[in-house]
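The block underneath contains the structure these notes are about, expressed in structure tokens.
Note that the structure is predicted; figures quoted are calculated from it, not measured. Numbered from 1 within each chain, the chains take letters A, B, ... in sequence-line order.
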Amino acid sequence: MAFKSIIDEIENNLNKILNDLSISDVKFTVEPSKPGFGDVSSNISFLLSKQLKKSPKDIAEMISEKYQHCSNTLVLKTEAHQSGYLNFFANWKKLNQLILSESYLDEFGDVDIGKNSTIVVEHTSVNPNKALHIGHIRNIIIGDTLSRILKKANYKVSVLNYIDDSGLQVADLIVGFKHFGFDQEPPNGKKFDHYCGDDVYVKTTEKYESDSSLEEIRKNILKELEDSNSDTAKFANKITRRVLVNQLETCWNLSVSYDCLNFESQIIRSGLWSKIFEKIKGMNLVEFENEGKNVGCWVIRGVDKEEDKIIVRSNGTATYIAKDIPYAAWKLGLVEDPFHYQKYEKKQPHSRVLWQTTLDSNNESVKNFTGEKVITVIDSRQARLQKIITSLMAKFKSVSDAYVHLSYESVTLSAETAKSLGLDTDGKQAQMSGRRGLYVNADSVYDLLKKKTIEETKKRNPEMDSSEIEKIAHHISVGTLRYEMIKQDLDKIITFDLTKSLSLDGDTAPYIQYAHARATRILEKSERSPSIEVDFSLLQEKSELDLIKTIGLFDIHVRDAVNNLSPKVIARYCHDLAVVFNSFYEHVKVLELSDAQLENSRLCIVNSFKITLEKALDLLGIVAPDRM
RNA sequence: GGGCCCAUAGCUCAGCAUGGAUAGAGUGUUGGACUUCUAAUCCAAUGGUCAAGGGAUCGAAGCCCUUUGGGCCCGCCA
């Protein structure tokens, strides 16, 4: 509860006052104040102004007066500001004690929004024909961060990764291996996923452009892939599995993990589509075209002026979007589960068990990875298709928000970075393209960051042994990358610049991690563990109070992040925490104060800050080293 | 032609959901602070017709409409 306690107390009292005045249905706010306006503010007087035919200022004074008679423990005084706001000043002695003692609990920051209900978060879902690039990373980090936040909010989260192992892009890769003589072993120990994406895929698609007769080969391969027992399909499975494990290694390295891998090829073979198709036919959600340009097709009618969407072609085959429908329904638990489950062959970090679907009934494991709600993280370019899925699912489930497409803008390359990859864009940013080889691989960004952070850490810790430096550099590199991907809002395009992405100053993860390292050092050097028996009246400095207050706001931000599916809220909170701590650090001393009581009090704050920051950073998947 | 998104300081972005006080950070530039709990830090200065116009409101960066500029999507491809 922490700071929320005083907010709740004020809210209750204001409601009582309104009740006494026989006023109801006023949705006033009670929020932490802007600096300089007390601790908590309410807009209640503005909202009553019309009804009571008085100025907000007069109303604020009236309520302020009535508030004196309310029972309260955490509010010291109220103030009717001339602007009309009603401001409250906290009894910091009591509030500090409350916040500090709660901050030591494991469940600090927990909020119960999910009520232990199930929710599915699907993210990553990259074609297994290439290495992950920086655009994929945004998706992955959004999804992973969100799943961590939802857990904090008492949801039972299943994280899924959909493996599109049967599409055209896979066929292209197979064409490369089977017809253009690409060796199955990459040269010079190159990672297999990089080799497939950078070399095999790019060069194969290049050849299509110069020789259109190759289309025939491509079509044949695609056809052969449909039969799961064909040599081509078996070969493709071997190749995509190899790419997949490399992709997963990239994710695991970034502290991202999953609960289950779902393979598209299995969804197709499971027969789920025909069941769903019958169902939507029965519900009249699709129509058969007897005339017009889509004659012979099954379509979903476009709303308003939108085009109809073809679901089944006139030759009877299902289109791309049709594959998404059974999967979405499966995720919501709307269909009988056709899958069996087996453990993935490689272990994830932190011993989280990774399952994968299989159609092989020898695997008797019964698992349930479906959810009452589903969040699918896909970039905004697929908004149109996702909208169709969302409205279909709303009809199946008769709950409008059971299926949510969490949309985000894509990552583009800055003109300078595009140029470094050989594309002159005339000063404009550039869209990434796997086909044209125009992308920045996630692994290479991590490697560059690692190299730089190792240097920087060495510079600051010349005595440290190299494995320790390596570990620290890893956490800083992962943190930097994750923070850059999550700190801005989902609707902002990230223009990725290789040079700027290596910055470690200012609003970055290292800034936040550094604050943690500073706090840790103080606690280490103090050579005693802080006792919670604190004389809170000793804490008077503004920087002390600001720090405790910010610590107390943790759960409020978690709530905000969950309600708005907005992971950046937590990133901003971590940054806020670091800012107030750095200010505290510069302004007050903690050690060698020759006042044991005061020293203990400040140590308590530092400790509370440290564990709160760790918890908040954990929601971002970022680890803060003890030294850096 | 239809649809979605963006526009706030030189640059990158918060704030907009739920209208109300003094529009905030970072970065850049300029100046200052390491014999001190780590300077990946801090302090200060600098920098804003909140794209434009209109509307509703006692009150708009925020809500509604229009316009402009930019990005993306709209295949019997995936």
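Checking side-chain atoms of A:Gln382 against main-chain N and O of A:Asp379 turns up no donor-acceptor pair under 3.5 Å.
Residue A:Gln488 places at least one side-chain N or O closer than 4.0 Å to OP1 or OP2 of B:rC13. Contact check, A:Lys492 against B:rA14: a side-chain N or O comes under 4.0 Å of OP1 or OP2. Of the side-chain N and O atoms in A:Tyr585, one or more sit less than 4.0 angstrom from OP1 or OP2 of B:rA39. The phosphate of B:rU36 (OP1 or OP2) has no side-chain N or O of A:Lys525 nearer than 4.0 angstrom. OP1 and OP2 of B:rC73 both lie 4.0 Å or more from every side-chain N or O belonging to A:Gln382.
Summarising the base pairing, B:rC37 is matched to no nucleotide, lacking a Watson-Crick or G-U wobble pair whose two defining distances lie under 3.5 Å. The partner of B:rC63 is B:rG55, judged by Watson-Crick or G-U wobble contacts that both fall below 3.5 Å.
Counting non-hydrogen atoms under 4.0 angstrom, A:Thr412 reaches nothing in the nucleic acid. Residue contacts for A:Ser41: at a heavy-atom cut-off of 4.0 Å it reaches a base atom on one of the strands shown. A:Val170 comes within contact range of no nucleotide atom at all, as no heavy-atom separation falls under 4.0 Å. No engagement by A:Lys309 is indicated, since no non-hydrogen atom pair under 4.0 Å with the nucleic acid exists. Residue A:Lys589 is classed as a base contact, given a heavy-atom separation below 4.0 Å to a base. Here A:Asp505 lies in heavy-atom contact (under 4.0 Å) with sugar-phosphate atoms only. A:Gln431 comes within contact range of the sugar-phosphate backbone alone, with a heavy-atom separation under 4.0 Å but no base atom that close.
Residue order along RNA chain B, read from the 5' end via each residue's closest nucleotide, puts A:Lys387 first among A:Val590 and A:Lys387. Mapped onto RNA chain B by nearest heavy atom, A:Ser33 and A:Gly167 fall at different nucleotides, with A:Ser33 at the one closer to the 5' end.
A:Arg521 has its CZ atom 16 Å from the C1' atom of B:rU41, to the nearest Å. A:Leu598 places its CG atom 17 Å from the P atom of B:rC37, with the value rounded to the nearest Å. Across the protein-nucleic acid pair, A:Ile389 atom CD1 and B:rC4 atom P stand 19 Å apart, rounded to whole Å. Taking atom CG of residue A:Asn563 and atom P of nucleotide B:rU18, one finds them 12 Å apart after rounding to whole Å. Rounded to whole Å, atom P of B:rU18 lies 16 Å from atom CD of A:Glu11. Across the protein-nucleic acid pair, A:Phe46 atom CZ and B:rG59 atom C1' stand 9 Å apart, rounded to whole Å. The nearest whole Å value for the distance from the CZ atom in A:Arg460 to the P atom in B:rU41 is 8 Å. In this structure, the CG atom of A:Asp489 is 12 Å from the C1' atom of B:rC5, given to the nearest Å.
Closest to the side chain of A:Ile522, out of B:rC58, B:rC37, B:rC42, is B:rC37. Each of B:rC77, B:rC13, B:rC5 was ranked by its minimum atom distance to the side chain of A:Arg313; first place goes to B:rC77. Comparing B:rA40, B:rG71, B:rA21 by their nearest atom to the side chain of A:Glu456 picks out B:rA40. Relative to the side chain of A:His81, the nucleotides B:rA21, B:rC42, B:rC5 differ in distance, and B:rA21 lies closest. Of the listed nucleotides (B:rA14, B:rC76, B:rC37), B:rC76 has the atom at the smallest distance from the side chain of A:Cys297.
Electrostatic pairing of A:Asp626 and A:Lys610 counts as a salt bridge here, judged by a charged N lying under 4.0 Å from a carboxylate O. Using a cutoff of 4.0 Å between basic side-chain nitrogens and carboxylate oxygens, A:Glu289 and A:Arg301 are scored as salt-bridged. Of the charged side-chain nitrogens involved, at least one lies within less than 4.0 Å of a carboxylate oxygen, so that A:Glu524 and A:Arg521 count as a salt-bridged pair. Using a cut-off of 4.0 Å between Lys/Arg side-chain N and Asp/Glu carboxylate O, A:Glu409 and A:Arg381 are scored as not salt-bridged.
Taking the six-membered ring for Trp and thresholds of 30 and 60 degrees, A:His136 and A:His133 have nearly parallel ring planes, at less than 30 degrees apart.
At a cut-off of 3.5 angstrom, counting only N and O atoms as typed in the model, there is no donor on one side facing an acceptor on the other between the side-chain of A:Asp507 and the base of B:rA25. At a cut-off of 3.5 angstrom, the base of B:rC42 holds no donor-acceptor pair with the side chain of A:Ser583. Side chain A:Thr453 to base B:rA40: no donor-acceptor pair is found below 3.5 Å. Judged by distance alone with a 3.5 Å cut-off, no donor-acceptor contact links the side chain of A:Thr508 to the base of B:rA40.
For the pair A:Tyr85 and B:rA21, the ring geometry qualifies as stacking, because the centroid separation is below 5.5 Å while the planes lie within an angle under 30°.
For the residue pair A:Ser33 / A:Ser41, a side-chain donor-acceptor distance below 3.5 Å is found, with atom types taken as modelled.
Its glycosidic angle being more than 90° from 0, B:rC4 falls on the anti side.
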